[in-house]
Undergrad: 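Dropping the structure in here first, questions after.
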2 protein chains.
Amino acid sequence: MSKSSKQRATLNDVARLAGVDVSTASRVLRGDTAQRVGKETKDRIHKSAKELEYLPNSVARALRTSKTYTLGIVVPQLDNPVFSAVIRGAERAAVAKGYSLLISHREPGETATTIANLSKRSRVDGLLVASLDEDEVLRTDLEAANVPYVLLNRQLPGAYYAVVLKSREAAKRATDYLISLGHRRIAHLSGRLGGFNANERLKGYCDALREAGIDYDSSLVEEAGYTFEGGKSAMLDLLGGDATAVMAATMVSAAGAMVALHEAGRQIPEDMSIIALHDGAIAEMLYPALSTVGMPTEEMGSVAAAILIQLLAGEQPEAVAALPAGPLIVRASTGPMTI
Amino acid sequence: MSKSSKQRATLNDVARLAGVDVSTASRVLRGDTAQRVGKETKDRIHKSAKELEYLPNSVARALRTSKTYTLGIVVPQLDNPVFSAVIRGAERAAVAKGYSLLISHREPGETATTIANLSKRSRVDGLLVASLDEDEVLRTDLEAANVPYVLLNRQLPGAYYAVVLKSREAAKRATDYLISLGHRRIAHLSGRLGGFNANERLKGYCDALREAGIDYDSSLVEEAGYTFEGGKSAMLDLLGGDATAVMAATMVSAAGAMVALHEAGRQIPEDMSIIALHDGAIAEMLYPALSTVGMPTEEMGSVAAAILIQLLAGEQPEAVAALPAGPLIVRASTGPMTI
DNA sequence: CTGAAAGCGCTAACAC
DNA sequence: GTGTTAGCGCTTTCAG
């Protein structure tokens, strides 16, 4: 029926078939409102386009307009459920606005190359950046990239676009719950101390203690980072103490802590209650099922993408969007304090 | 020091600075071997390029050569560790060859749109496709996309490029281990029956039984799909029977099964041994830690990307690459059969 | 060995 | 209302 059909139709083909100039076809097909085109001509063009199954060549368009409609996202780990969620959210929002998502996994330390690659080589319009690297490093690389960017769950000094989770609030909520169960000796498995997120969570933990009139005891906070191994060894260190409950900075470190507890023969929650920030499928898989305070990680991705797209459209979004913590989800890993 | 430096230098700028024609600059900077260029000219061009921090504009190049050096990957779930691993592998291989990876998450049923978007709108050079959809649907969409593609862990009738895991072998290895432990009533939590992977695994399971002289009993195989919930409810169905061990098609369904077991008050592995195909971080987090037979999922991603890139280079790779199953990893979820 | 010229497919002034 | 023109930045014959 159709011609050789192997070659894609170009705007030129459409114009010729409709008997108009290519510029007119462009205006019509793009829905350009500035200039009026005769209804009849318009119809002919649309008809031709449909007949030829015309689809604009995005590369040519990108060259002409210097907009690729592609966003880059750089993440430090691909296997962490938190980042999967962020990517999912970003992808959804991007696609909804007609953008594509270029993904770039990057080992810590490779930030510079990755960002350069993405922005220079691949020509993305903007960048979504989740990093575990030091702030200064990140800052320099990002500036060099010379494209708009929004940071994921991290604030750099000096007012840049970022979307963050209210992890201080989440940490307080989690700790509050432990306190409400009667616990007083509550340990905290922190993130990478000094980092933005770890600090926020630590503050939330302290907020809760203070409000309950419990003294802060530095021997109860152990740095676990955001890994399984980190959680495991941090919990090991805590085992000699008198903590009866622990609030972990993230699900994955909580999972490590639970393994340490099992190996030491402690009962959860009888001997030790445990709650974590971030909710996800893993929480249900653990034994006992992990109580959590959810965090809208997927939403963080979609909001970040939306902000970036606004930026690209020349709008002026709020510099930092702070997403409220999710709900407390009580499962089996937490229980009342028993003497 | 430098000029306004906001604008990126073009090939034209480099050529002008070096006092040569843009075509010569192009030849040199591209390392074109076909035509010889004077050493002296060459040096001048390289020097100018460095001075101006020239980086080729990939969009312009893509328009000219109709190659974007971008691969698209479409995955059905972003939160499944199996797909995270595949993406990681694909990204690594792509970047190593100078390609970028465009990611596209797709709900089952949206295949057509996604594939069309990726190939038409975003202009990828080729596609990496992991799907849970029906074969015919997939096939049609893929053909319409009109770009080279390689399938991930799935074979379509009619000889297309694919990389698959030897899951039959893996399933046999896992089942063999259960048999070696003395189990005779071994259940199987299968994938989506009728699907390529589910079939392969079922075959491997049967191979092992046959070899051991154990009769196949269809009441022992329950369809669990590849989800947590599926595993949980499949295990529930099995609880009334006399199985003493279970081989799950994937880690996530095994996790669901373990929860069902816990909730029913069964001991693992005393009352029920459990082993799964696929290894990953989750296996260590479960309680008891899950025995597995590993699968090279990350490698599947990198091999697929490598094949696709070969294809794009006009080479003729093997149509289907079958990756051997990984090792048996014995953890705590399996134990000898006890009466 | 190097330059001139054409053009990938599209958009955006600017004419008429 | 619609056509003309001039490129975006690069690659690639084809001359010389």
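All values below were derived from every heavy atom in this structure, side-chain atoms included, with hydrogens, water molecules and symmetry-related copies excluded. In the text below, chain A, chain B and the rest are named by the order of the sequence lines, each starting its count at 1.
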Undergrad: B:Asp32 CG to D:dT11 P: how many Å, rounded?
TA: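 From B:Asp32 CG to D:dT11 P: 10 Å.
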
Undergrad: Can you name the nearest heavy-atom pair linking A:Thr68 to A:Ala62, along with the distance?
TA: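 Minimum heavy-atom contact is CA-CB, 4.1 Å.
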
Undergrad: Rounded to whole Å, please give me the gap between CZ in B:Arg44 and C1' in C:dC1.
TA: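 Between C1' of C:dC1 and CZ of B:Arg44: 12 Å.
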
Undergrad: For the residue pair A:Arg30 and A:Ser26, confirm or rule out a side-chain donor-acceptor distance under 3.5 Å.
TA: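 Yes.
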
Undergrad: Write down the distance between CD (B:Glu40) and C1' (C:dC1), rounded to a whole number of angstrom.
TA: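 B:Glu40 atom CD is separated from C:dC1 atom C1' by 13 Å.
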
Undergrad: Taking atom NZ of A:Lys67 as the centre, report whether more than 12 heavy atoms of other residues, nucleotides or ligands fall under 6.0 Å from it.
TA: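 Yes.
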
Undergrad: Taking only side-chain N and O atoms of B:Ser23, does any of them lie within less than 4.0 angstrom of OP1 or OP2 on D:dT11?
TA: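 B:Ser23 to D:dT11 OP1/OP2: no side-chain N or O under 4.0 Å.
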
Undergrad: Run through B:Asp125, B:Val147, B:Ile307 and flag the one making a side chain to side chain contact (heavy atoms under 4.5 Å, CB included) with B:Leu312.
TA: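 Running side chain to side chain contact (heavy atoms under 4.5 Å, CB included) over B:Asp125, B:Val147, B:Ile307 with B:Leu312 returns exactly one hit, B:Asp125.
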
Undergrad: Starting at CG of B:Leu29 and ending at P of D:dC10, how long is that distance when rounded to a whole Å?
TA: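 So the CG-P distance, B:Leu29 to D:dC10, works out to 9 Å.
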
Undergrad: When the distance from CZ of A:Arg27 to P of D:dT4 is rounded to whole Å, what number comes out?
TA: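 Going from A:Arg27 (CZ) to D:dT4 (P), I get 11 Å.
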
Undergrad: Listing time: all N or O pairs from protein to nucleotides 7-10 of chain C that are below 3.5 Å?
TA:
residue : atom : partner : partner atom : Å
C:dG7   : N2   : B:Arg64 : NH1          : 3.1
C:dG9   : N2   : A:Ala60 : O            : 3.4
C:dC10  : OP1  : A:Tyr54 : OH           : 2.6
C:dC10  : OP1  : A:Asn57 : N            : 3.1
C:dC10  : OP2  : A:Leu11 : N            : 2.3

Undergrad: Figure out the CZ/C1' separation between A:Arg16 and D:dT2, and round it to whole Å.
TA: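 Distance check: A:Arg16 CZ to D:dT2 C1' gives 18 Å.
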
Undergrad: If the test is side chain to side chain contact (heavy atoms under 4.5 Å, CB included), which one of A:Val74, A:Leu165, A:Val75, A:Val86 qualifies with A:Leu152?
TA: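 The passing option is A:Val86.
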
Undergrad: Using a heavy-atom cut-off of under 4.0 Å over every strand shown, decide if B:Thr41 touches base, sugar-phosphate, or nothing.
TA: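 Sugar-phosphate contact only - B:Thr41 comes under 4.0 Å of backbone atoms but never of a base.
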
Undergrad: Within a 6.0 Å radius of atom OH on A:Tyr69, are there more than 12 heavy atoms belonging to other residues, nucleotides or ligands?
TA: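 Not buried by this count: 12 neighbours or fewer within 6.0 Å.
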
